[in-house]
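In what follows, a structure is listed as structure tokens, so that the remarks can point back to it.
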Amino acid sequence: MKIYDTLTAEKREFIPLHEGRVGMYVCGPTTYDYAHIGHARPAIIFDMLRRFFEYKGYDVVLISNITDVDDKIINRAKEKDAEPIEMAHYYAREYLKDMDALRVRRANIIPKATRHIEEIIELVKTLVNKGYAYESGGDVYFSVEKFRDYGKLSHRKPEEMLAGARVEVSDKKRNPLDFALWKAAKPGEPSWMSPWGPGRPGWHIECSAMSMNYLGPTLDIHGGGADLIFPHHENEIAQSEAASGKVFARYWMHVGLVRFEEEKMSKSIGNVFLIRDLLKKYPPEAVRIMYINAHYRKPFDFSEKNLEDSRKLMEKIWSVYLSLKKSARCGVATDNTKNLVDKTRKEIITALEDDFNTREAIRHYLEFINKVRDAKDEDAFLAIEFLEEMDYIFDILPRGTTENLEENLIKLLLRIRERARKNKDFGTADWIREELKKLGIKVEDTKDGPRWVKL
RNA sequence: GGGCAGGUGGCAGAGAGGUUAUGCGCGGGACUGCAGAUCCCGUCUACUCGGGUUCGAAUCCCGACCUGCCCUCCA
């Protein structure tokens, strides 16, 4: 397995710290609003990566945090006249609901910053004691010049950063690039007691504290959106490695940003599509397919047309899958199909092992779909088995069990409709089809009778 | 100003020195009460530009132009 590592800027063979195990940490959102499809991309990609490791037999521990105390949260809460932490927790729950809807499996641990204040304070203390950090007016700052490797992840030198950039100037900082590990609380802000007075953690420190707490000083894969490379991940490296003296993450993976009309999708620009709104119109599997169908490191141009195309792809996959199900019979498949399955499996795994190239993988998947669409009996059975095997990773097939009653009622309606059609009562026939469509059930007439798909 | 990705057919988007990407769309046919789906056939000199390397480049090298992201909160 090769993984593109942002730090070394090349694809490298993936070798976990402990054989057979993978420790992953993925930066989750700061929850001060509902999640948009930009958030869904890393969540879906890392979810599938985790499933792929498991598929290959690794034990995976995935930690994905939620930032529940931060300037943005405090400001938003002020606007809404809400209690900041409470509000953050509300949006955190809603975030998880949205991700559940997208079939993103939950991380093993979803830590929150406010639940790890002690570890954070300990880490800051260590950095102060080691001389990497200093207290200044109730704040604690990390001293960038003390960490000689600062800039290695984002491939920048500290001098260059100052050149054309706007850096927040503060007379509390010794160097404008220094960043806050601990912030003194202003009146009315959430705060915790610390050796430097009441305050709260800086943005970057929580991830260092929590990842080292759960995965040890060195983790295998650290991931997140590409916008986190600088300053967030750069600062995490500085803090963590300064404190532990060890390599913080062996591989850094960054998912390309989602854009809309050539611009980054971002709350501050206002061009966001909320996941909950999109899911009213499109099935979650279509969203997954949309992201599978693009290389994870490239920026992704979102549009409804794009989602619509993905939905069509999904319908194609589903319709082949469902028709295979109808003609499948348990037994031994022909060599032809066996070979096709083995070949496709190999192609898909090879693609995913090449820096998780889901785009290439789905191409082979679709070629397979096209070739087996007419398979019968034992061949259909094997094809289904294979698609379901792959679904451990992709999770895009229709969810199996419709409630029996529901299913029987639909069949009953379709029989009524068939009777109407036979009597040339097309008004009634079309009306039933229309009404079912409104309920999310698509009906298609085929030579073998009506077929329906629940969207 | 600096760092990093890219520029592929009507559109979306892979690939990566010589072999069909794929999907959508579009045209024709089969099927059909209609719609849809499906099948068959077809569709567009596709690879930003200019040089170079090579028997051969969309794919490698040099240069130019263009776009986006990051350098400030952001998945």
Side-chain angles (χ1 to χ4, degrees), chain A residues 6 9 26-30 32-33 35-46 64 67 70-73 75 95 151 153-168 177 203 223-232 234 254-259 262-269 272 289-290 293-295 297-303 305-317 319-320 323 351 357-367 369-370 373-374 420-422 424-427 429-430 433-434 437 442-448 450-451 453:
Chain A
T6 308
V26 175
C27 287
T30 299
Y32 63 94
D33 208 336
H36 59 71
I37 43 149
H39 296 109
R41 173 128 102 141
I44 288 173
I45 293 296
F46 286 111
S64 190
T67 299
D70 159 275
D71 290 347
K72 287 251 164 187
I73 293 171
N75 293 339
Y95 169 78
L153 180 70
S154 51
H155 307 288
R156 277 181 267 245
K157 297 192 176 67
E159 312 87 76
E160 290 168 351
M161 289 185 212
L162 287 169
R166 290 164 35 214
V167 188
E168 190 193 340
L177 291 177
W203 175 36
D227 50 351
L228 297 181
I229 296 172
F230 192 91
H232 187 55
E234 192 69 61
H254 294 280
V255 176
L257 297 183
V258 176
R259 309 187 298 186
E262 300 274 288
E263 246 188 328
K264 176 182 170 180
M265 186 169 299
S266 156
K267 293 169 200 170
S268 43
I269 299 171
V272 296
I289 288 172
M290 182 175 83
N293 213 187
H295 190 108
R297 277 192 281 126
K298 280 199 178 178
F300 184 89
D301 284 299
F302 174 81
S303 65
K305 183 185 175 297
N306 214 149
L307 227 195
E308 184 59 40
D309 285 356
S310 301
R311 185 240 286 275
K312 282 178 184 159
L313 247 183
M314 182 205 83
E315 281 175 20
K316 185 187 177 118
I317 293 167
S319 93
V320 171
S323 80
N357 192 340
T358 56
R359 189 42 145 107
E360 184 68 7
I362 203 72
R363 189 191 124 199
H364 295 298
Y365 186 98
L366 292 170
E367 278 172 5
I369 289 272
N370 278 330
R373 63 155 48 103
D374 295 321
R421 290 178 74 212
K422 228 166 243 162
K424 309 259 181 237
D425 179 7
F426 299 121
D430 291 350
R433 186 168 61 190
E434 272 309 300
K437 195 177 176 188
K442 203 166 117 181
V443 177
E444 287 165 6
D445 295 317
T446 72
K447 274 179 213 150
D448 311 322
R451 182 173 64 189
V453 180

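Everything numeric here is computed off the predicted structure, so don't read it as measured data. Lettering of chains follows the sequences in order, A, B, ..., and the numbering in each one begins at 1. Values below: all heavy atoms of this structure, side chains included; hydrogens, waters and symmetry mates excluded.
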Using a 4.0 Å heavy-atom cut-off, does [X] contact any base of the nucleic acid, only the sugar-phosphate backbone, or nothing at all?
X: A/Glu367; result: sugar-phosphate
X: A/Phe426; result: base
X: A/Leu228; result: sugar-phosphate
X: A/Ser319; result: nothing
X: A/Lys424; result: nothing
X: A/Val26; result: nothing
X: A/Gly151; result: nothing

Got a sec, which residues hit ring pair (Phe, Tyr, Trp, His ring centres under 6.0 Å) with A/Phe302, two or more places apart in sequence or on another chain?
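So A/Phe302 forms a ring pair (Phe, Tyr, Trp, His ring centres under 6.0 Å) with A/Phe273.
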Consecutive-pair stems (3 or more, Watson-Crick or G-U, under 3.5 Å) for RNA chain B
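Stems found: B:1-7 with B:65-71, B:10-12 with B:22-24, B:25-30 with B:38-43, B:48-52 with B:60-64.
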Per [X] side chain, nearest of listed nucleotides [options]:
X: A/Arg156; options: B/rG2, B/rC34, B/rG68; value: B/rG2
X: A/Arg433; options: B/rU38, B/rA75, B/rC34; value: B/rC34
X: A/His155; options: B/rG25, B/rG3, B/rC34; value: B/rG3
X: A/Asp445; options: B/rA75, B/rC34, B/rA21; value: B/rC34
X: A/Glu444; options: B/rC73, B/rA75, B/rG36; value: B/rG36

Closest heavy-atom contact between A/Pro299 and A/Arg259?
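Taking A/Pro299 first and A/Arg259 second, the nearest heavy atoms are CB-NE, 4.0 Å.
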Mind listing the closest non-hydrogen atom pair of A/His155 and A/Thr6 along with its distance?
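Looks like NE2-O, 2.9 Å.
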Between A/Glu315, A/Arg433, A/Arg451, which is the residue that forms a side chain to side chain contact (heavy atoms under 4.5 Å, CB included) with A/Lys442?
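Exactly one pass, corresponding to A/Glu315.
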Among A/Arg297, A/His295, A/Arg363, whose side chain to side chain contact (heavy atoms under 4.5 Å, CB included) with A/Asn357 holds?
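So the option named by the test is A/His295.
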Between C1' on B/rC24 and CE on A/Met314, what's the gap in Å once rounded to a whole number?
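In whole Å, B/rC24 C1' and A/Met314 CE are 15 Å from each other.
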Once you round it to whole Å, what is the distance between C1' of B/rA35 and CZ of A/Arg421?
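In whole Å, B/rA35 C1' lies 10 Å from A/Arg421 CZ.
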Between A/Asp227 and A/Lys157, who's closer to the 5' end of RNA chain B by nearest nucleotide?
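By nearest-heavy-atom nucleotide position, the 5'-most residue is A/Lys157.
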Return the 5'-most residue of the pair A/Ala40, A/Arg297 with respect to RNA chain B, ranking by each residue's nearest nucleotide.
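Closest to the 5' end, via its nearest nucleotide, is A/Arg297.
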Would you list the protein and nucleotides 10-16 of chain B atom pairs, both N or O, that sit under 3.5 Å from each other?
from	atom 1	to	atom 2	distance (Å)
B/rA12	O2'	A/Asn306	OD1	3.4
B/rG13	O2'	A/Arg359	NE	3.1
B/rG13	O2'	A/Arg359	NH2	2.3
B/rA14	OP1	A/His295	N	3.0
B/rA14	OP2	A/Lys298	NZ	3.2
B/rA14	O2'	A/Glu360	OE1	3.2
B/rG15	OP1	A/Asn357	ND2	2.8

Does the distance from a Lys or Arg side-chain N to an Asp or Glu carboxylate O, for A/Glu234 and A/Arg156, drop under 4.0 Å?
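Salt bridge flag = no for A/Arg156 with A/Glu234.
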